[in-house]
Amino acid sequence: MLPRCLRAFSKPLCIRFQENGILATIANRPLQFVGVNNFSSTRMSGTPQGLSLEKCSDKKDTLYKSVEIEIRSGEPAVLLSYEWFTSYAAKQLGITIGKCWAPPKAHHNRLTLLKSIHIYKKHRVQYEIRTYFRHMTYERLTESTLKTFLEYIQRNVPEGVAVKVTKKSVVNLPPSLNDSVRRLSLQ
């Protein structure tokens, strides 16, 4: 009987590797364990060693036309540094970097309060919160690449930085629309 941590590998697996910039997948090969006493090294039958193993899923990767990441913070220098970090991570993963920009002014939120609780309405204190924004766009991503990228950059978010992700996916036309488009093209 296999140890609990390796039972998941007895199911069909996928191998994902990148060669010359092309991501390839080999699926549904039986798993062989190399070394009976220690289960530290595993490999797929008929494949070279050193490839990563993942659980195989029959669904296709979703394609994303673009992903916009908005980051906000009270410190513009932190945002600039984090933008550099995410752009560098994207370059290392081979992700196409689109437009990176920041609004010219910060968003100001002002709050005016009385200095005293009960009287002296003339004496007031004004507090201000400045929020700076940066927007980054990444283009033409697959779902697996996007998950890896987002997990990496979200685990390394600095303190006081908020991240908002907006995805635009590519989908097929519904069958009802597809039929009407065909009819229009035939006329």
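Values below: every heavy atom of this structure, side chains too, minus hydrogens, waters and symmetry copies.
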* For Glu75 against Tyr132, the heavy-atom pair lying closest together -> N-CD1, 4.2 Å
* **Side-chain heavy atoms of Phe149 within contact of Leu141, under 4.5 Å** => no
* Asked: Which pair of heavy atoms, one from Asn156 and one from Tyr82, lies closest together, and at what distance?
  -> O-CE1, 3.5 Å
* **Considering all heavy atoms, the nearest Ala102-Arg134 contact** => CB-NH1, 3.3 Å
* Do Glu151 and Arg155 sit within salt-bridge range, that is, some charged N less than 4.0 Å from a carboxylate O? -> yes
* Asked: Should Tyr138 and Thr86 count as side-chain neighbours, where that means a heavy-atom distance under 4.5 Å?
  -> yes
* To do: Would you sort out whether Leu150 and Ile69 count as a side chain to side chain contact (heavy atoms under 4.5 Å, CB included), showing the intermediate values?
  => CA-CA 10 Å; Leu150 288 179; Ile69 298 175; 4.1 Å; yes
* Asked: Passes side chain to side chain contact (heavy atoms under 4.5 Å, CB included), Val125 versus Thr112? Steps please.
  -> CA-CA 6 Å; Val125 169; Thr112 305; over 6 Å; no
* Roughly how far, to the nearest 0.5 Å, is the NZ atom of Lys99 from the NE2 atom of His135? -> 10.0 Å
* Could you state whether Val157 and Phe133 fall into the same hydrophobic cluster, counting links through intermediate Ile, Leu, Val, Met, Phe, Trp or Tyr residues with side-chain heavy atoms under 4.5 angstrom apart? => no
* **Cluster check Leu93, Trp84: I/L/V/M/F/W/Y, side chain < 4.5 angstrom** => yes
* Mind checking whether Ile153 and Phe85 have side chains closer than 4.5 Å, heavy atoms only? -> yes
* Asked: If every non-hydrogen atom of Glu143 is compared with every non-hydrogen atom of Tyr64, which pair is closest and at what distance?
  -> CA-CE1, 3.9 Å
* Asked: Is there a side chain to side chain contact (heavy atoms under 4.5 Å, CB included) between Lys167 and Thr62 once you walk through the steps?
  -> CA-CA 11 Å; Lys167 307 173 201 173; Thr62 305; over 6 Å; no
* To do: Treat each ILVMFWY residue as a node, draw an edge where side-chain heavy atoms are under 4.5 Å apart, and state whether Val165 and Tyr152 are in one component.
  => yes
* To do: Kindly give the heavy-atom pair with the smallest separation between Ile97 and Ser87, and that separation in Å.
  => CD1-O, 3.5 Å
* To do: Give a yes or no on whether Glu159 atom CD has more than 12 heavy-atom contacts from other residues, nucleotides or ligands under 6.0 Å away.
  => no
* Thr137 side chain reached by Val67 side chain, heavy atoms, under 4.5 Å -> no
* Nearest 0.5 Å, what's the CD1-NE2 distance between Ile129 and His108? -> 12.0 Å
* Measure the OG1-CD1 distance between Thr142 and Ile95 for me, rounded to the nearest 0.5 Å. => 8.5 Å
* Asked: Arg130 and Ala106: which non-hydrogen atoms are nearest, and at how many Å?
  -> CB-CB, 4.4 Å
* **Atom CG of Leu113 with >12 non-hydrogen neighbours under 6.0 angstrom** => yes
* For Tyr120 and Lys115, what are the C-alpha separation, side-chain angles and deciding distance, and is it a side chain to side chain contact (heavy atoms under 4.5 Å, CB included)? -> CA-CA 8 Å; Tyr120 306 113; Lys115 272 189 179 180; over 6 Å; no
